[in-house]
Number of protein chains: 2
Amino acid sequence: MVRYHKQTRILVAIDCIIFGFDGNELKLLLVQRGLEYEKGKWSLMGGFIQKNEDFNKGSARILKELTGLEGVYMEQLLAFGNVDRDPIERTVSIAYFALIDINKYEKQLNTDYHAEWFPIHKIPKLIFDHADMVKMAKQKLRYKAAFHPIIFELLPEKFTLPQLQILYESIFDTEFDKRNFSRKLRSTKLLIKQKDKEKESSKKGAYYYKLDKKQYATNFHAILNLIPNPGNIIN
Amino acid sequence: MVRYHKQTRILVAIDCIIFGFDGNELKLLLVQRGLEYEKGKWSLMGGFIQKNEDFNKGSARILKELTGLEGVYMEQLLAFGNVDRDPIERTVSIAYFALIDINKYEKQLNTDYHAEWFPIHKIPKLIFDHADMVKMAKQKLRYKAAFHPIIFELLPEKFTLPQLQILYESIFDTEFDKRNFSRKLRSTKLLIKQKDKEKESSKKGAYYYKLDKKQYATNFHAILNLIPNPGNIIN
DNA sequence: CCAAAAGTGTTCACCTTACACCCATGC
DNA sequence: GCATGGGTGTAAGGTGAACACTTTTGG
């Protein structure tokens with residue numbers, strides 16, 4: 001096979017920023033680094049791209065290996081290429097972000113893997129440039145969530161409007177008027193009201209909703225307007 | 001120096017999707033590939049990342065080498081990593097997109113380099129996955145342009161409202177009402193009306209405007225609303 | 001009966017759109 | 001004087017934000 005001569009070949013890694021929601025708070029999934037150097041420090045889920053593996057395959061493999069999760073929503077964030085980002089050897093990293101419903105995988109994670117959920121405001125010190133990655137991922141999540149119904153990837157099958165609002169508030173670090181929020185959400189036609197209520201967190205109980213998956217699929221790229229005054233909130 | 005063992009090292013390239021505007025039409029800058037295999041075919045500006053070069057340095061160097069351009073607005077688009085995207089040897093490519101004012105560099109380009117501008121609707125067949133890159137770049141340009149004043153990067157120092165409108169229409173493949181368009185633009189406070197007129201393209205002449213650079217710098221991330229019914233237009 | 005959270009409607013200001021005519025000039 | 005493109009205003013409907021009270025029920 002012909003090859004390009006005199007060119008530098010570089011390690012290519014994938015790092016996954018995994019956001020989760022447990023009904024109360026936005027969280028981030030981290031692992032303790034297994035490789036030498038900074039071993040034991042907190043890190044994003046990462047791994048090297050293999051010989052015959054493209055990015056999608058690679059990111060799915062890494063997620064599976066480190067967390068057991070499959071079929072999760074993932075999207076490429078950005079490639080990070082600073083020369084010294086990994087002090088051991090130059091490594092270019094393709095950052096992916098993922099959104100998952102924490103409860104769905106809780107047990108599996110806690111028992112089989114050494115991954116841990118951290119509240120988004122209490123992230124420990126991370127290795128390399130992972131803090132930059134997280135920062136960018138938060139920004140991108142905000143941006144997308146302001147215009148697209150991407151957030152539903154974080155929700156369990158059944159959820160309440162107060163939970164949904166808490167999620168949005170936790171992403172945008174601000175508070176919304178619940179009357180307007182509820183009206184906006186209802187007007188998207190993405191939600192199907194259930195007959196039963198969630199009664200853990202209040203005496204009156206809040207109606208469960210389900211996502212209308214058909215509507216969601218067709219409206220995934222639609223531009224919604226769920227956030228008041230987006231210009232003030234998004235960078 | 002310690003290194004990671006048993007991992008695949010891969011060529012990392014940068015490819016630049018360069019959009020330009022000449023006052024009439026949105027265009028794309030292409031070169032004829034200089035390397036063997038598909039030599040002579042049309043291609044984006046690309047090159048391999050070098051040993052001690054990060055992405056920003058690399059993209060700037062490649063742009064400079066192939067076009068002579070410097071100080072151009074560039075932004076990372078996405079990393080492309082399909083295993084067979086370069087049939088010679090596996091190469092991961094970090095795609096960047098750039099926006100430039102064609103007239104500013106026209107002479108330089110035509111004489112010194114073998115780059116050529118193609119109208120966005122008349123792009124020739126491109127090598128590798130460059131057509132995918134262009135498609136994604138167009139999408140991203142639309143998306144950003146719908147909400148942010150990024151488009152001004154494509155404009156000469158002095159420009160007219162009709163030119164600006166043509167640019168937007170050429171990006172969004174649609175037509176806008178000039179009264180509303182003009183009002184929206186003026187309401188952004190980004191424009192400074194000049195005393196002189198452009199008289200090439202009409203008898204009456206159209207007033208020149210300049211960008212208020214201070215406003216532009218502070219409002220670069222602001223969310224504007226320049227496009228009517230964005231939900232119908234953007235994917 | 002009281003505390004705590006859920007649920008719901010209205011008004012007003014502003015923004016967005018649709019739409020048509022006059023202006024300036026070169027030929 | 002006429003053809004060509006530039007420039008402007010208004011009215012109507014729709015959207016988005018602000019705002020407060022009633023309901024339910026567990027204790």
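Just so you know, these numbers come straight off a predicted model, no measurement behind them. Below, chains carry the letters A, B, ... as their sequence lines are ordered, and counting in each starts from 1.
- The separation between A/Leu185 atom CG and D/dG16 atom P is 13 Å, rounded to whole Å.
- The interatomic distance linking B/Lys184 (NZ) with D/dT8 (P) rounds to 18 Å, in whole Å.
- Less than 4.0 Å separates DNA chain D from at least one heavy atom of each of the following residues of residues 163-177 of chain A: A/Asp177.
- Looking at A/Gln76, its side chain never comes within 3.5 Å of a backbone N or O of A/Ala95 through a donor-acceptor pair.
- Side-chain atoms of A/Asn180 and base atoms of D/dA18 include a donor and an acceptor less than 3.5 Å apart.
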Quick test: give all pairs of protein nitrogen or oxygen and nucleotides 11-15 of chain D nitrogen or oxygen below 3.5 Å, distance rounded to 0.1 Å.
none

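- When rounded to the nearest whole Å, the span between CG of B/Leu161 and P of D/dG5 equals 17 Å.
- Within 4.0 Å of B/Ser201, counting heavy atoms only, lie sugar-phosphate atoms of the nucleic acid but no base atom.
- Between A/Tyr168 and A/Phe181, the ring centre distance stays below 6.0 Å.
- Between A/Glu198 atom CD and D/dT24 atom P there is a gap of 18 Å when expressed in whole angstrom units.
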Stepwise side chain to side chain contact (heavy atoms under 4.5 Å, CB included) test for B/Leu190 and B/Leu224
CA-CA 11 Å; B/Leu190 287 171; B/Leu224 304 177; 4.1 Å; yes

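- As a whole-Å value, the separation of B/Leu191 CG from D/dG7 C1' is 15 Å.
- Closest to the side chain of A/Tyr207, from the set C/dG7, D/dA18, C/dT17, is C/dG7.
- An OP1 or OP2 oxygen of D/dG16 is reached within less than 4.0 angstrom by no side-chain nitrogen or oxygen of A/Asn229.
- DNA chain C is contacted by both B/Arg179 and B/Gly205; B/Arg179 maps to the nucleotide lying nearer its 5′ end (nearest heavy atom per residue).
- Taking atom CZ on A/Arg186 and atom C1' on C/dA6, their separation rounds to 12 Å, with Å as the unit.
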With 3.5 Å as the limit, what N/O pairs link the protein to nucleotides 21-23 of chain C?
residue	atom	partner	partner atom	Å
C/dC23	O2	B/Lys204	NZ	3.2

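- At whole-Å resolution of the value, CZ in B/Phe181 and P in D/dG6 are 13 Å apart.
- Under 3.5 Å, the side chains of A/Ser201 and A/Glu198 contain a donor-acceptor pair of N or O atoms.
- Contact check on A/Asp212 versus A/Lys214 returns no salt bridge, with no Lys/Arg side-chain nitrogen under 4.0 Å from an Asp/Glu carboxylate oxygen.
- Look at B/Lys158 and B/Asp196 and you find a salt bridge, because one of the NZ, NE, NH1 or NH2 atoms lies within 4.0 Å of a carboxylate O, short of that distance.
- In this pair, B/Phe152 and B/Phe159 present their aromatic rings tilted. The plane angle is within the 30 to 60° band.
- Place B/Ser202 and A/Ser182 on DNA chain C by their nearest nucleotides, and A/Ser182 ends up nearer the 5' end.
- With C/dA3, D/dT8, D/dT4 as the choices, the nucleotide that has an atom nearest any side-chain atom of B/Lys203 turns out to be D/dT4.
- The listed nucleotides are D/dG7, D/dG26, C/dG9; the one nearest the side chain of A/Lys199 is D/dG26.
- For B/Lys193 and D/dT8, the shortest distance from a side-chain N or O to OP1 or OP2 is below 4.0 Å.
- Side-chain contact check for B/Tyr216 and B/Glu153: at least one donor-acceptor pair (N or O, by modelled atom type) lies under 3.5 Å.
- Inspection of the B/Arg183 and B/Ser187 side chains reveals no N or O donor paired with an N or O acceptor under 3.5 Å.
- Taking the six-membered ring where the residue is Trp, the centroids of A/Phe147 and B/Phe147 are separated by under 6.0 Å.
- A salt bridge is defined here as a Lys NZ or Arg NE, NH1 or NH2 lying under 4.0 Å from an Asp or Glu carboxylate O, and A/Arg142 with A/Asp173 meets this definition.
- Residue A/Lys197 contributes atom NZ, which lies 10 Å from atom P of D/dG26 at whole-angstrom precision.
- There is no side-chain donor-acceptor pair under 3.5 Å between B/Asn219 and B/His148.
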